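Remember, predicted model here, so these are calculated numbers, not experimental data. Numbers restart at 1 for each chain; the letters A, B, ... are given by sequence-line order, proteins then strands.
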Number of protein chains: 2
Amino acid sequence: MQNKTILIVDDEAAVRDMLRVALEMAEYRCIEAENAQAAHALVIDEKPDLILLDWMLPDVSGVELARRLKRDELTASIPIIMLTAKGEEDHKIKGLETGADDYITKPFSPRELVARLKAVLRRAGPSTPEEPLTAGQLVLDPISHRVTIGGQAVEMGPTEFRLLTFFLSHQERAYTRTQLLDHVWGGNVYVEERTVDVHIRRLRKALAVDGHDRFIQTVRGTGYRFSVQTAEKV
Amino acid sequence: MQNKTILIVDDEAAVRDMLRVALEMAEYRCIEAENAQAAHALVIDEKPDLILLDWMLPDVSGVELARRLKRDELTASIPIIMLTAKGEEDHKIKGLETGADDYITKPFSPRELVARLKAVLRRAGPSTPEEPLTAGQLVLDPISHRVTIGGQAVEMGPTEFRLLTFFLSHQERAYTRTQLLDHVWGGNVYVEERTVDVHIRRLRKALAVDGHDRFIQTVRGTGYRFSVQTAEKV
DNA sequence: CATTCCTGTGACAAATATATGACAGGCGCA
DNA sequence: TGCGCCTGTCATATATTTGTCACAGGAATG
């Protein structure tokens, strides 16, 4: 099973750390934000599978953030679990009214957290396959699990497919090998960084329909970047 | 990459040796302590970048030590990885609640150790700035790791990129070669001052899209200055 | 104008980083 | 069990980048 990404939003680093470790033990990948603004950016950027949202945040309240996310077409389908402190129980119902899918009262045991999280994820069902991802002539259809360039089918292995999927949803951005390992392989896997090179090469080879790879640029000293601009330019 | 210092705290010499070997192979500098008291002294004295802390120690328990370190202003920011034995799994999360940033269960592979250690260090480290840096027509986008002048892509090596990044965030100010070495190359590297000249030249060449470099001025007898005013003036 | 500093350049060899081709183990499937 | 496809690692080939030099110009100085 592919790793789910959980976004943790809490202003206390200690709480975030605890949550992160508990979740990573359960094989989830975590990303963190300490305020609503950062959280919003991350939601757009990383498309997490679930959001753990603290009731109280320094800038905008968690409730308000939840409301916004649920109102936005793109983010509405992401389940939200609200974290509330003991005294705030009165707001429970409100929390759910704003669109949260569940709430947990602090303090809670890591076990409980993971259990409820799983429940919410299960309820949300298998994340609906999205729209085809494209880059110029290149089209990746998540539903049929197929890749084509100008209508021409392209074959590749599972890892290359995941890599390409990631690249297509994060174009024009340079990633280090480590970041790619985190995102494509999943946080709790330990492989050599050079392995990324090899898979990049395999992907390039697969995409080089006409003998030229114009999609993946190497960023010397850093890593790689997927970009269609450069690709089309030729 | 600059060498990070890791403090190993474990009462068994054999374990310390193993850890040290694994870490030194990965280019880390190691210091060791076999009890909490010695560990505490070393933390103050050496300011390690990360602490590997055994759960069980002869004097004070590792958990307690972690708690103390995290409570102290000076040491709170140092990441801690807790080492636990197989049977102690239940304690894992408790350990994390006390402030550890990650845990590893013994026995573990050296590779896993190094990987998790890197992950923890990475999380603690600074993150890339998000906003593009600009100077007139010149734009450096840290995200895509690209430089353009009036939309036209500009190629340069990693060092030139770092140099330009520095200049763009410190415009209109003259820097000596030594200062540039400190900021762009990183404090403790030994290279000739004249090396800066060469990189300045390379950067100028890269930026001289139209045949003229108007961005970097020479401050005779001192060093260089990046300024867009002069650049635009033509 | 002669001197003495400084900085600009082009060339290099060594150091690094990346691309490639091969390979053995792991896994699923017939 | 045998076969074929994937994967992660290596060792090796290539490609870039880097730090230094030696030398050419230019600028101050007197």
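- We find the CD-CG distance between B:E32 and B:D17 to be 6.5 Å, quoted to the nearest 0.5 Å.
- Partners of B:M156 by side-chain contact (heavy atoms from CB on, under 4.5 Å), not counting sequence neighbours, listed by chain and number: B:V147, B:V154, B:E160, B:F161, B:L164, B:L203, B:A206, B:L207.
- Using modelled atom types and a 3.5 Å distance limit, the side chains of A:H183 and A:R29 yield a donor-acceptor pair.
- At a cut-off of 3.5 Å, with distance as the only test, no side-chain donor of A:S227 or A:Q171 sits close to an acceptor on the other residue.
- Within the 6.0 Å centre-distance limit, the rings of A:Y175 and A:F166 are counted as a close aromatic pair.
- One can place CG of B:L203 at 13 Å from P of C:dG8, the figure rounded to the nearest angstrom.
- Relative to the axis of its first five pairs, the axis of the last five pairs of the helix from C:dC1-D:dG30 to C:dA30-D:dT1 sits at 30°, rounded to 10 degrees.
- The shortest distance between side-chain heavy atoms of B:F215 and B:Q137 does not fall below 4.5 Å.
- Each of B:R201 and B:R177 lies near DNA chain C, and the nucleotide nearest B:R177 is the one positioned closer to the 5' end.
- Residues B:L23 and B:L52 meet the side-chain proximity criterion, which asks for heavy atoms closer than 4.5 Å.
- Residue-level contact check: B:Y224 touches the backbone only, with heavy atoms under 4.0 Å from sugar-phosphate atoms and none from bases.
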Given protein heavy atoms under 4.0 Å, the one-letter contact record of nucleotides 5-14 of chain D, with B base, S sugar-phosphate only and - none, is simply -SBBBB----
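- When only modelled atom types and interatomic distance are considered, B:E193 and B:T178 share a side-chain donor-acceptor pair under 3.5 Å.
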